[in-house]
Participant: 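Here it is, the structure, as structure tokens.
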Amino acid sequence: MVQETYQPALIVHGGAWAIPDNQVAGHLSAVSNAAQIGWQVLQQGGSALDAVEQAIVALEDHPAVNAGRGATLTRDGKAELDALIMDGRNLGLGCTANIRTVRNPIRLARAIMERTPHTLIVGPAADELAAQFGLEIVPPEYFITEAMRNEWQAHQQGGSDTVGCAARDGAGNLAAGTSTGGMTGKWSGRVGDCPLVGSGGYADNYSAAVSATGWGETLMKVVISKTACDFSAAGLAAQAAAEKAIEYLTQRVNGSGGLILVDRFGNFGAAHNTPRMAQARVYPDGRIEAFC
Ligand code: ASP
């Protein structure tokens, strides 16, 4: 039997909001670097799931965006992190929330998917589980950058650069992942859309892979990522599916945010109703285009 091959595709985002001019360069560098890392995985024959994980690890390690190091802080000045990963082959799902010591929450999300009988594990028990799984543990202060401490001290609301990735690999499988520190000044214990299936992300080989970002309290009400996948499954082109989901977010709950999408044919879509969304996509010839 001849194994069919597919053109790989990968798109990443670094948050949707009014990204100030002086932060654009940092965002472009973060998303371009992550796109490059994810693309290398696909080029070497790796799975969409591996590419999504690696791209998001790079974003979590990058201090310019709100995931891992550089996360936004809660009302009491702490970092509490959420992540989700989903495998479009079999709807495999791993999610985590309220993480305080795991350097790369996306790795924990994947470990939950692959190494536990569960899909969502949160709080101190999830931090402990990560240690048992041999994931890198860091002190809570590791996540707090000076920029985020200043933002928190100024009581600025809501600048948020959640990160995410959607990909299709050479076997035609889709995957998506999302990772965040949440919204600045959030209540301790608050969980947004990011680790909720269908809200922060969704992937299904029958439709599309999607990662979302923005005001989580509104994104989750319209289950934004699954909504975009459903539009894709119904026959909309990738860009139209992304736009229609954001249109619904705006009209139905006056929400704000953005999403990236790769459909089952390997086409990209991206839409946002915020002033900016940082994103980078890789074209078949390996060229990376970053926007903000
Ligand atoms: N969606 C994230 C949350 O509400 C924040 C963001 O995307 O910037 O936690």
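When a ligand or atom number is given, it counts from 1 through the structure's own listing order. Below, each value reflects all heavy atoms present in this structure, side chains not excepted, and no hydrogens, waters or symmetry copies. In this text the structure is predicted, and so the values were computed from the model without any measurement.
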Participant: Any nitrogen or oxygen of Trp215, side chain or backbone, less than 3.5 Å from one on ligand 1?
Facilitator: no

Participant: Would you give the length of the straight line joining atom CG of Leu236 to atom OG of Ser207, rounded to the nearest 0.5 angstrom?
Facilitator: 12.5 Å

Participant: Given His13, Lys186, Glu217, Arg190, which one has a non-hydrogen atom that is nearest to atom 4 (O) of ligand 1?
Facilitator: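 Selected option, by shortest heavy-atom distance: Arg190.
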
Participant: May I ask you to check if Arg264 and Tyr206 form a cation-pi contact, with NZ or CZ under 6.0 angstrom from the six-membered ring centre and within 45° of the axis?
Facilitator: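 The answer is no, since Arg264 fails at least one limit relative to Tyr206.
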
Participant: Numbering the atoms of ligand 1 from 1, which are under 4.0 Å from a heavy atom of Met183?
Facilitator: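 Answer, ordered by atom number: 4 (O), 5 (C).
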
Participant: Going through the distances and angles, do Val163 and Val12 end up as a side-chain contact (heavy atoms from CB on, under 4.5 Å)?
Facilitator: CA-CA 7 Å; Val163 305; Val12 305; over 6 Å; no

Participant: Near Gly216, which atoms of ligand 1 are under 4.0 Å from a heavy atom of that residue?
Facilitator: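 Reading through ligand 1 atom by atom, the close ones are 4 (O).
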
Participant: State the CD1-CD1 distance between Ile121 and Ile112, to the nearest 0.5 angstrom.
Facilitator: 4.5 Å

Participant: So is Gly214 in contact with ligand 1, going by heavy-atom distances below 4.0 Å?
Facilitator: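 Contact present.
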
Participant: Which atoms of ligand 1 have any heavy atom of Thr162 under 4.0 Å away?
Facilitator: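 Result: 2 (C), 5 (C), 6 (C), 7 (O), 8 (O).
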
Participant: Between Gln239 and Ala270 (side chain of the first, backbone of the second, donor and acceptor by atom type, cut-off under 3.5 Å), is there such a pair?
Facilitator: yes

Participant: Could you tell me which atoms of ligand 1, counted from 1 in the order shown, lie closer than 4.0 angstrom to a heavy atom of Thr213?
Facilitator: 6 (C), 7 (O), 8 (O)

Participant: Stepwise, does the salt bridge (Lys or Arg N to Asp or Glu O under 4.0 Å) test hold for Arg110 with Glu114?
Facilitator: CA-CA 6 Å; Arg110 184 161 180 183; Glu114 292 179 341; 3.0 Å; yes

Participant: Any idea which atoms of ligand 1 are less than 4.0 Å away from a heavy-atom of Asp193?
Facilitator: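 Under 4.0 Å from Asp193, ligand 1 has these atoms: 1 (N), 2 (C), 3 (C), 4 (O).
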
